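This report concerns only the one structure given below.
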There are 2 protein chains.
Amino acid sequence: MTTTIAPHRSKGRPRFDRAVALERALGVFWRRGYEPASVAELCAAMEINPPSLYAAFGSKAQLFMEAVEHYERIYWDAAWERLADVADVHEAIAGFFHDAVRILTSQDAPCGCLVILAATNVSAESQEVNDALKALRKEGRDWFLARLQRAVSDAQLPAQTDTDGLAAALNTMLEGLSLQARDGASQDELTRIVVVAITMLPDSPRR
Amino acid sequence: MTTTIAPHRSKGRPRFDRAVALERALGVFWRRGYEPASVAELCAAMEINPPSLYAAFGSKAQLFMEAVEHYERIYWDAAWERLADVADVHEAIAGFFHDAVRILTSQDAPCGCLVILAATNVSAESQEVNDALKALRKEGRDWFLARLQRAVSDAQLPAQTDTDGLAAALNTMLEGLSLQARDGASQDELTRIVVVAITMLPDSPRR
DNA sequence: GTTCATTTGTAGCGTCCGCTACAAACAGTC
DNA sequence: GACTGTTTGTAGCGGACGCTACAAATGAAC
């Protein structure tokens, strides 16, 4: 991954490397959560001062939302794509959950998923952040649902499968895994959980 | 449920009703979470002033831990007992999860479980609170595990059942349900999820 | 009725928070 | 080298936080 080269066209003192700073902010938000991550701590990690942060990102909330977008793109987009691409639904779901385990334990400190955990128990003041994350969490369920519905029409799942309930259950499991990860569960422990979790998928109908 | 009558033995001005105040504090912590619930907000709900709160409960953190104990006793003890008491493991697990759905949606506002959610993303200062809750969350898995092991020795589950993994998966599901509840899922939605969740239990072995 | 232990309400402490005014530092333009 | 536009670092604002000093208020003991 190469940073886009912005060869400094404008006048004035050159700005800090925005991409690097965003990456470091993501790390702080991920490990600490949205509110516990203070602007002072973010600035220290980003190696800039508050005025630079506010000039470049607007506010702590906007910086967080940019970090979330970056996080989704870097860590989850590929996993959701594989879920859609793998032809067999059982393989696809199993693969997705193993991807998830890898992502959730990819940081040094126990963290879980930024979208699921970073802004729980957030003050009412930053309700926009909460709403945006809630929408992202709902997206997860929708992706599961779309994949399951395709599996039913492909006759990989029984026709009477409650795809809504099953999608919600898989999403619940995914979100629960974040809590386990934050509580310090190891990659092995999470793997044993997902092995059980994927048994929620009904067997393929008899052919 | 009657409040214990403490007939005011000591000298001095009589103290406010501690039990009522604790109940109201629980409500605030439950609906808002640990850190978003400010001492000012707690005092307003408890109808006392800060010095009274600190004289009676010590600190915000200690008040919270007392509220958690009260919460566990009032809302969850019966459910865990039923899990242990019901003879058939499939019935017991199903019953427990339906109890859980009822508890998680028992408040007017979307909340989830105090133990699981109220102190996620808590500042490092109150690490004791986090550790205590983490221990409580682990207890849930242990109760599942004990029930599953009994079911295996009762030949209600296959002998080769991965009871550790299954207990962890059930606990993950339970914790995930709290997140769904906090995101506003209705009782019906949660019920459809647990119907799927309990399919993680293997069928009884052939007799 | 006086005494005295206890709780109460007021008022505010110190601290950290997100955020910003301001002037010095810098890098291109001419 | 003077000018100009941008970013930088310092230093601090207003406000919310958890918590507490203090004196007035209360009610049992005598």
Side-chain angles (χ1 to χ4, degrees), chain A residues 5-22 24-25 28-29 32-67 118-119 121-130, chain B residues 5-22 24-25 28-29 32-67 118-119 121-130:
Chain A
I5 300 195
H8 193 249
R9 280 270 144 264
S10 70
K11 289 166 68 171
R13 186 166 169 174
R15 184 171 264 181
F16 62 91
D17 188 329
R18 203 176 182 282
V20 169
L22 181 60
R24 294 184 179 171
V28 175
F29 279 130
R32 306 262 295 127
Y34 174 60
E35 277 190 336
S38 70
V39 170
E41 188 178 354
L42 288 163
C43 284
M46 300 164 82
E47 294 180 9
I48 59 175
N49 289 304
S52 300
L53 189 159
Y54 283 87
F57 297 99
S59 70
K60 181 185 171 184
Q62 290 176 52
L63 170 62
F64 177 70
M65 289 313 303
E66 269 200 57
N121 294 334
V122 86
S123 313
E125 40 183 324
S126 41
Q127 192 60 39
E128 310 164 12
V129 170
N130 235 333
Chain B
I5 299 198
H8 193 248
R9 282 268 144 263
S10 71
K11 290 168 65 172
R13 186 167 172 173
R15 184 171 264 181
F16 62 92
D17 188 328
R18 202 174 182 285
V20 169
L22 180 60
R24 293 185 181 170
V28 174
F29 279 130
R32 307 262 293 128
Y34 174 62
E35 277 191 335
S38 70
V39 171
E41 187 178 355
L42 289 162
C43 284
M46 300 163 84
E47 292 179 12
I48 60 175
N49 289 305
S52 300
L53 189 158
Y54 282 87
F57 297 99
S59 69
K60 181 185 171 184
Q62 290 176 51
L63 170 61
F64 177 71
M65 289 314 300
E66 269 201 55
N121 292 335
V122 85
S123 314
E125 41 183 323
S126 39
Q127 192 60 37
E128 311 165 12
V129 170
N130 236 334

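Each chain gets a letter, A, B and so on, in the order the sequences are listed, and its residues count up from 1. FYI, side chains are in, hydrogens and waters are out, and symmetry mates aren't considered; it's all heavy atoms of this structure. The structure presented is a predicted model; accordingly, all values stated were derived computationally and were not measured.
The two residues A119(A) and V129(A) make their nearest non-hydrogen contact at CB-CG1, 4.2 Å. The heavy-atom pair separating P36(B) from N121(A) by the smallest distance is CG-O, 3.5 Å.
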Scan the side chains in residues 44-58 of chain A for donor-acceptor partners under 3.5 Å anywhere in the protein, sequence neighbours excluded, and list what turns up.
{"residue": "E47(A)", "atom": "OE1", "partner": "R24(A)", "partner atom": "NH1", "Å": "3.4"}
{"residue": "E47(A)", "atom": "OE2", "partner": "R24(A)", "partner atom": "NH1", "Å": "3.3"}

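Here dC16(C) presents its C1' atom at 12 Å from NZ of K60(A), a figure rounded to the nearest Å. To the nearest angstrom, P of dG18(D) lies 15 Å from CD of Q62(B). The nearest whole Å value for the distance from the CZ atom in R15(A) to the C1' atom in dA27(C) is 15 Å. Computed from coordinates, the F64(A) CZ to dG18(C) P distance equals 13 Å when rounded to whole Å. Between the C1' atom of dA25(D) and the CZ atom of R13(B) lies a distance of 5 Å, rounded to the nearest Å. dC17(D) atom P lies 9 Å from atom CZ of R32(B), rounded to whole Å. Distance D17(A) CG to dT8(D) C1': 16 Å, rounded to the nearest Å.
Here the side chain of S38(A) is nearest to one of dG18(C), dT8(C), dC19(D), namely dG18(C).
Contacts of A61(B) with the nucleic acid, taken as non-hydrogen atoms under 4.0 Å apart, are absent.
Pairs engaging residues 56-67 of chain B under the salt bridge (Lys or Arg N to Asp or Glu O under 4.0 Å) rule: R18(B)-E66(B) [sequence neighbours left out].
Taking the six-membered ring where tryptophan is involved, the planes of F29(B) and F64(B) are perpendicular, since the angle between them exceeds 60° and thus also 30°.
Take E41(B) and apply the side-chain contact (heavy atoms from CB on, under 4.5 Å) test, not counting sequence neighbours, and it matches V28(B), R32(B), S38(B).
Contacts of residues 44-57 of chain A with DNA chain D (heavy atom under 4.0 Å): N49(A), P51(A), S52(A).
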